[in-house]
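These notes are about the structure you will find just below.
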Amino acid sequence: MTSWVPTPCRVVERTVETHDCVTLTLRPVTGSLPAFRPGQFAMLYAHGVGEVPISVSGIPADGTLVHTVRAVGAVSRALHDAAPGTVIGVRGPFGTAWRLDGVEDLLVVAGGIGLAPLRPVLGHPSRRTVLVAGARTPEDLLYADELPALSDVDVVLTVDRGGHDWQGRVGFVTEPLASIPLDPERTTALLCGPEPMMRFCARTLLGRGVPAGNIQVSLERSMQCGIGLCGHCQLGPLLVCRDGPVTGYPEAEPLLLAKEL
């Protein structure tokens with residue numbers, strides 16, 4: 001059951017990922033949190049500053065909750081800077097989750113911070129998983145030490161600009177999508193990142209024969225209430241906090257193609 005009142009949670013671990021991203025592990029001060037599913041988000045409250053929506057990037061079995069936060073504004077900066085021991089308010093879960101029932105071959109495509117909401121679906125032993133993740137530079141890649149060690153996941157990393165020490169791919173995430181082996185009818189694709197990236201990736205996959213109904217995207221809009229009342233996150237007929245963020249590409253495509261929507 002979703003909690004409408006923030007649950008006080010203590011930061012029990014803080015891991016620096018990049019120059020502007022950290023991963024926080026939160027544990028309720030008392031009691032427990034409702035069950036979250038991969039793809040959903042929480043409203044995180046920094047006391048005295050405000051509240052922002054942050055997708056879950058980990059759902060451990062020990063009752064903690066994991067969020068990766070990028071510092072882009074006053075609230076996210078306060079959360080980013082929260083040291084172990086800091087108490088943060090948590091409301092949720094909110095939104096829709098990745099639909100994974102019956103999935104045989106899973107293709108995960110992430111750009112930048114878009115890898116965070118996809119992290120909980122990685123490493124499931126019952127299905128073949130391919131991860132294609134991109135970032136601006138090698139230093140901007142999330143979970144850089146964790147990804148190569150993932151079992152049961154074929155990891156493809158690419159950056160827009162590589163440095164002298166970078167031996168991997170250079171280019172956009174659409175480029176490996178055009179050549180990686182896949183069975184179109186068996187493949188379910190999960191996309192999360194900037195909207196232009198998701199559009200181009202979806203077009204590439206459609207061109208390779210992946211049915212539109214097998215493609216899911218995670219939408220992002222300005223969310224304030226988290227319960228579909230304030231209207232700040234409206235995208236055409238959708239309220240992203242209620243009808244998303246995870247949406248099938250057949251529903252999302254006309255909305256992502258409409259300028260200024």
I would like to know whether Asp154 and Thr129 meet side-chain contact (heavy atoms from CB on, under 4.5 Å); could you show each step before the answer?
CA-CA 6 Å; Asp154 296 328; Thr129 301; over 6 Å; no

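- Residues Val159 and Thr137 have side chains not in contact (no heavy-atom distance under 4.5 Å, counting atoms from C-beta outward).
- Contact record, Leu33 with Pro28: CG-CG, 3.7 Å, taken as the closest heavy-atom pair.
- Here the side chain of Gln216 pairs a donor or acceptor atom with the backbone of Arg99 at under 3.5 angstrom.
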Output, in order, the C-alpha distance, side-chain angles, deciding distance and verdict of side-chain contact (heavy atoms from CB on, under 4.5 Å) for Val156 and Arg169.
CA-CA 8 Å; Val156 179; Arg169 288 176 174 265; 3.6 Å; yes

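- Side-chain atoms of Thr64 and Thr25 form no donor-acceptor pair, as typed in the model, at a separation below 3.5 Å.
- The salt bridge (Lys or Arg N to Asp or Glu O under 4.0 Å) pairs that include a residue from residues 155-164 number zero, where partners must be two or more places apart or lie in different chains.
- Cluster annotation: Phe41 is not connected to Val121 through the hydrophobic network of ILVMFWY side chains, with a link wherever side-chain heavy atoms come within less than 4.5 Å.
- Panel note: side chain Asp20, backbone Ala71; no donor-acceptor pair is recorded below 3.5 Å.
- Taken together through direct or relayed side-chain contacts under 4.5 Å among Ile, Leu, Val, Met, Phe, Trp and Tyr, Phe200 and Met197 form parts of separate hydrophobic clusters.
- Note that CG of Leu157 is 7.0 Å distant from CG of Leu131, once rounded to the nearest 0.5 Å.
- Looking only at side-chain heavy atoms (C-beta outward), Leu205 and Leu191 come within less than 4.5 Å of each other.
- Salt-bridge formation is not detected for the pair Arg70/Glu17: no Lys NZ or Arg NE/NH1/NH2 atom is positioned less than 4.0 Å from an Asp or Glu carboxylate oxygen.
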Steps toward side-chain contact (heavy atoms from CB on, under 4.5 Å) verdict (Leu44, Leu26):
CA-CA 11 Å; Leu44 299 187; Leu26 308 177; 4.3 Å; yes

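- The minimum heavy-atom distance linking Ala78 with Val49 is given by the pair CB-CG2, 4.1 Å.
- In this structure, Leu100 and Leu190 have side chains that are in contact, with non-hydrogen atoms separated by less than 4.5 Å.
- The pair Asp62-Arg27 meets the salt-bridge criterion, since a charged nitrogen lies less than 4.0 angstrom from a carboxylate oxygen.
- Val29 shares a hydrophobic cluster with Val87; the chain of contacts runs through ILVMFWY side chains whose heavy atoms sit under 4.5 Å apart.
- Here Glu139 contributes atom CD and Asp165 contributes atom CG; the two are 8.5 Å apart, rounded to the nearest 0.5 Å.
- Linking ILVMFWY side-chain heavy atoms closer than 4.5 Å, directly or via other members, places Leu106 and Val210 in two distinct hydrophobic clusters.
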Please report the C-alpha distance between Glu185 and Asp183 in whole Å, then the side-chain angles of each, then the deciding distance to 0.1 Å, and finally whether the side-chain contact (heavy atoms from CB on, under 4.5 Å) criterion is met.
CA-CA 6 Å; Glu185 293 297 327; Asp183 182 336; 4.0 Å; yes

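- Shortest non-hydrogen contact noted between Pro245 and Thr96 is N-OG1, 3.5 Å.
- For the atom pair Ser55 OG and Phe94 CZ, the distance stands at 13.0 Å (nearest 0.5 Å).
- At a threshold of 4.5 Å between non-hydrogen side-chain atoms, the residues Cys201 and Val173 count as touching.
- Residues Leu107 and Leu177 form a side-chain contact, since some pair of their non-hydrogen atoms from C-beta on lies under 4.5 Å apart.
- Rounding to the nearest 0.5 Å places SG of Cys192 at 9.0 Å from CD1 of Ile113.
- Under the 3.5 Å distance criterion, the side-chain polar atoms of Thr158 are left unmatched by any main-chain donor or acceptor of Gly134.
- Few gaps surround CZ on Arg208; more than 12 heavy atoms of other groups in view lie less than 6.0 Å from it.
- When atom types are taken as modelled, the side chain of Gln40 and the backbone of Gly95 share a donor-acceptor pair closer than 3.5 angstrom.
- Residues Val130 and Leu182 are not in side-chain contact: their nearest non-hydrogen atoms beyond the backbone lie 4.5 Å or more apart.
- In this pair, His67 and Phe36 present their aromatic rings perpendicular. The plane angle is above 60°, beyond the 30 to 60° band.
- Hydrophobic clustering places Val56 together with Leu24 (ILVMFWY residues linked when any side-chain heavy atoms are closer than 4.5 Å, directly or through intermediates).
- Relative to the ring axis of Tyr143, Arg119 places its NZ or CZ within 45° and under 6.0 Å from the centre.
- By the rule that hydrophobic residues join a cluster once side-chain heavy atoms approach within less than 4.5 Å of another member, Ile59 and Leu115 end up as members of separate clusters.
- Interatomic distance, CG of Asp140 versus SG of Cys21, reported as 8.0 Å (0.5 Å rounding).
- Scanning both residues, Pro93 and Ala35, for their nearest heavy atoms gives CG-O, 3.3 Å.
- The one candidate from Ile54, Val52, Val69 that meets the side chain to side chain contact (heavy atoms under 4.5 Å, CB included) condition with Val75 is Val52.
- Here the closest heavy-atom approach between residue Ala252 and residue Leu219 is recorded as CB-CD2, 4.4 Å.
- Contact of the Arg199 side chain with the Glu253 side chain is not registered, since no non-hydrogen atoms from C-beta on lie closer than 4.5 Å.
- Counted by atom type alone, Ser57 and Thr68 present one or more donor-acceptor pairs between their side chains at under 3.5 Å.
- In this structure, Arg10 contributes its side chain and Gly85 its backbone to a donor-acceptor pair below 3.5 Å.
- Between Trp166 and Gly162, the shortest heavy-atom distance links the atoms CD1-CA, 3.9 Å.
- With hydrogens and angles ignored, the 3.5 Å screen pairs no side-chain donor or acceptor of His47 with any backbone N or O of Ile88.
- Although no hydrogens or angles enter the test, the distance criterion places a donor-acceptor pair under 3.5 Å between the side chain of Trp98 and the main chain of Pro117.
- Contact of the Arg203 side chain with the Met198 side chain is not registered, since no non-hydrogen atoms from C-beta on lie closer than 4.5 Å.
- The line from CG of Asp81 to OG of Ser76 is 9.5 Å long, rounded to the nearest 0.5 Å.
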